[in-house]
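This is a predicted model, so every value here is computed, not measured. One-based numbering, in listed order, for ligands and for the atoms of each.
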Amino acid sequence: MAGTGSKAALDVVIMAAGKGTRMKSARPKVLHRLGGRALLAHVLDRAMQLSARRAIVITGHGAAEVEAAVQALPLHGLQLAFARQEPQLGTGHAVQQALPQLPDDGVALILSGDVPLTETDTLQALLAACDGSRLALLTLDMPDPTGYGRIVRQGEKVEAIVEHKDASDDQRRITEIYSGIMAVPTRLLRGWLARLDNQNAQQEYYLTDVVKFAVADGVPVVAHRITDAAQVAGVNSPAQLAELERAYQLRRAQALMAQGVRLADPTRFDVRGELSCGADVEIDVGCVFEGRVELGEGVRIGAHCVIANARIAAGAVVHPFTHIDGEKLGVEVGEGALIGPFARLRPGAQLGAEVHIGNFVEVKNSTLAAGAKANHLAYLGDATVGERVNYGAGSITANYDGANKHRTVIEADVHVGSNCVLVAPVTLGAGGTIGGGSTITKNTPPGALTVARGKQLSLPNWQRPAKKK
Ligand code: UD1
Ligand code: MG
């Protein structure tokens, strides 16, 4: 039966007023992070993916903080509204607060801000079951349904949802539970919510009581029954948050492996943002990817690297324990570059092809042209480094005079010895050599050897002072 209302606009209602007592945290529960983003941001993603007309977030505990956090999210044109629920008198009472902002011609999809892993396909199927005219419930069988609302059926027909605390012993044996997610024509919902009371074990206004009103009014109630518990799992405690984090990360790992990415261990892998990979990428254990990271074809990432906001071109190898964080400026690593182990690339590091950055080398806001190398214990900040430059161990750019940053230019083929201090602003001319231990304060000519340090002196037959008797 194809309902005429199947094209009804979708309005998403997200309940996010609860306190989250068991999190034992000052932060509102729905702002705790999963995969690096607020739980509520994941739920809003669903509204966007379903092309909802609007999303209404019901806030209560920490309302101002939650509203500010949501307003800072990219919403891709989704219309957003808030409704405050103070005090919190139950899920039915929560949805009542949203009614003034819900147009009667729509279908309301009720979600919870603390249930982050519901898949868009699942919600689409639920909306299809609602079809603009029915009450559709997302349900699931649970081996231990303790605490949940039970789906009470008469034959196949759904009769009611009975909350655990109100259920008889017989009803408590029912394993089919209500997930907390429903789709319902708004016009019907409005009428049913007006009839709610709080005559129950918890003295709350239960959203779930709409089922008995639908049955009484002869409106069909349909259950869309799924088997994947993670999709409806809520976060109530740090332990549950960690459990869902692992479930989320495993899904991301599996999706990448399906594309051909070789993960040494999908259970020791974390993406907190967007990771895109070319063919034949290999990622060892214990790596964390944040923000937007792109790995080109054949890139290899060693164990225990943290990489944020960076583009790593084809064939580059990042050895273990490297930290790359491009923040807003980004980091670029060129084709075939070798980075680490123990390297640190900071915002604005732009490395050309075949660049080598070795252990304990820090690069910030610097461009290194193809083939440049800084292999040990060095700092390059605000520098422009030419092709094939070799930058010796222990050398640094003194780029900061205490007030301003200055640039160091190292032209192509310069060889900088060990333990040099390049006092910016300064330019080292192409092909020059800088003797180890030099403190360079003036520009150096191309092709020359420049040494700026105390001359070595030897006094023959030197008698050491002797102790006085
Ligand atoms: C609810 C359902 C139950 C279902 C379970 C699934 C009701 C009466 N019961 O139970 O059938 O099996 O979800 O997890 O709906 N919230 C508010 N304002 C309130 C109360 C709750 O915004 O006054 C929010 C919470 O922050 C949470 C969501 O609504 O995001 C669900 O509330 P929760 O207390 O977890 O639901 P239960 O009563 O456990
Ligand atoms: Mg409750």
Side-chain angles (χ1 to χ4, degrees), residues 12-23 25 27-32 38-40 42-44 46 56-63 66-67 70 82-99 108-118 135 137-142 144-152 158 160-167 171-172 174-182 184 189 192-193 196-213 221 223 225-226 229-237 240-241 244:
V12 171
V13 177
I14 302 174
M15 294 188 287
K19 185 157 185 207
T21 313
R22 280 185 283 154
M23 289 303 292
S25 166
R27 186 187 297 177
K29 176 163 77 171
V30 293
L31 298 186
H32 280 278
L39 293 170
L40 191 49
H42 291 268
V43 182
L44 281 161
R46 296 296 97 72
I56 300 153
V57 180
I58 300 160
T59 60
H61 280 282
V66 172
E67 289 166 14
V70 172
F82 296 101
R84 288 215 181 169
Q85 186 202 17
E86 279 156 348
Q88 288 84 40
L89 303 178
T91 51
H93 178 253
V95 178
Q96 279 172 349
Q97 312 312 306
L99 284 175
L109 174 66
I110 316 283
L111 304 174
S112 289
D114 57 359
V115 178
L117 296 188
T118 321
L135 171 58
L137 309 171
L138 189 64
T139 74
L140 176 95
D141 279 288
M142 282 210 164
D144 177 11
T146 308
Y148 290 93
R150 305 301 206 282
I151 304 296
V152 178
V158 176
I161 299 174
V162 179
E163 292 304 304
H164 182 88
K165 286 185 178 143
D166 300 290
Q171 288 168 333
R172 286 185 181 181
I174 298 172
T175 56
E176 188 185 6
I177 61 105
Y178 170 55
S179 66
I181 295 174
M182 67 170 68
V184 51
L189 177 67
W192 296 331
L193 288 178
L196 290 184
D197 63 46
N198 63 353
Q199 305 301 299
N200 53 54
Q202 303 183 80
Q203 295 185 322
E204 282 181 11
Y205 296 88
Y206 289 164
L207 176 62
T208 45
D209 279 351
V210 300
V211 175
K212 68 185 184 204
F213 299 135
V221 181
R225 207 165 174 163
I226 61 167
Q231 286 199 45
V232 298
V235 171
N236 295 298
S237 64
Q240 285 172 344
L241 180 60
L244 283 197

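Heavy-atom contacts of T208 reach the following atoms of ligand 1: 7 (C), 8 (C), 9 (N), 11 (O), 15 (O) (cutoff under 4.0 Å). Annotation for ligand 1: atoms under 4.0 Å from non-hydrogen atoms of Y206 are 8 (C). Within ligand 1, the atoms closer than 4.0 Å to a non-hydrogen atom of G149 are 3 (C), 4 (C), 11 (O), 12 (O), numbered from 1 in the order shown. Near T91, meaning under 4.0 Å from one of its heavy atoms, ligand 1 places the atoms 7 (C), 8 (C), 15 (O), 20 (C), 21 (C), 29 (O), 31 (C), 32 (O). Atoms of ligand 1 found under 4.0 Å from any heavy atom of D114 (numbered from 1 in listed order, with element): 27 (C), 30 (O). Residue-ligand proximity, S179 to ligand 1, at heavy-atom distances under 4.0 Å covers atoms 6 (C), 14 (O).
Of all the heavy atoms of V115, none lies under 4.0 Å from any atom of ligand 1, so neither backbone nor side chain is involved. At a heavy-atom distance under 4.0 Å, only side-chain atoms of A94, from C-beta outward, approach ligand 1. Under 4.0 Å from ligand 1, the heavy atoms of E163 that appear belong solely to its side chain.
Put simply, no part of G60 is less than 4.0 Å from ligand 1, judged by heavy atoms. Using a 4.0 Å heavy-atom cutoff, Q85 is listed among the residues neighbouring ligand 1. The closest approach between L89 and ligand 1 falls below 4.0 Å for a heavy atom of the residue.
Residue-to-ligand polar distances place Y178 within reach of ligand 1: an N/O pair is separated by less than 3.5 Å. Note: no N/O pair closer than 3.5 Å links I177 and ligand 1 by distance alone. For a threshold of 3.5 Å applied to N or O pairs, the pair formed by G147 and ligand 1 contains no separation below that value.
M15 contributes atom CE, which lies 5.5 Å from atom OG1 of T91 (distance to the nearest 0.5 angstrom). To the nearest 0.5 Å, atom CG of residue D166 and atom NE2 of residue H164 are 10.0 Å apart. Taken to the nearest 0.5 Å, the CD atom of Q96 stands 9.0 Å off from the CG atom of L89.
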Quiz prompt | Residue pair V70, F82: steps toward the side chain to side chain contact (heavy atoms under 4.5 Å, CB included) verdict | solution = CA-CA 10 Å; V70 172; F82 296 101; 3.9 Å; yes
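Of the candidates I151, V162, V221, V211 forms a side-chain contact (heavy atoms from CB on, under 4.5 Å) with just one, namely V221.
In this view, H42 and Y248 satisfy the ring pair (Phe, Tyr, Trp, His ring centres under 6.0 Å) rule, not counting sequence neighbours.
In this structure, the side chain of T118 engages the main chain of Q231 through a donor-acceptor pair within 3.5 Å.
R84 is not listed as a side-chain neighbour of Q97, based on a closest heavy-atom distance of 4.5 Å or more. The shortest distance between side-chain heavy atoms of K29 and N236 falls below 4.5 Å. Within the 4.5 Å cutoff, the side chain of E204 has no heavy atoms near those of the N198 side chain.
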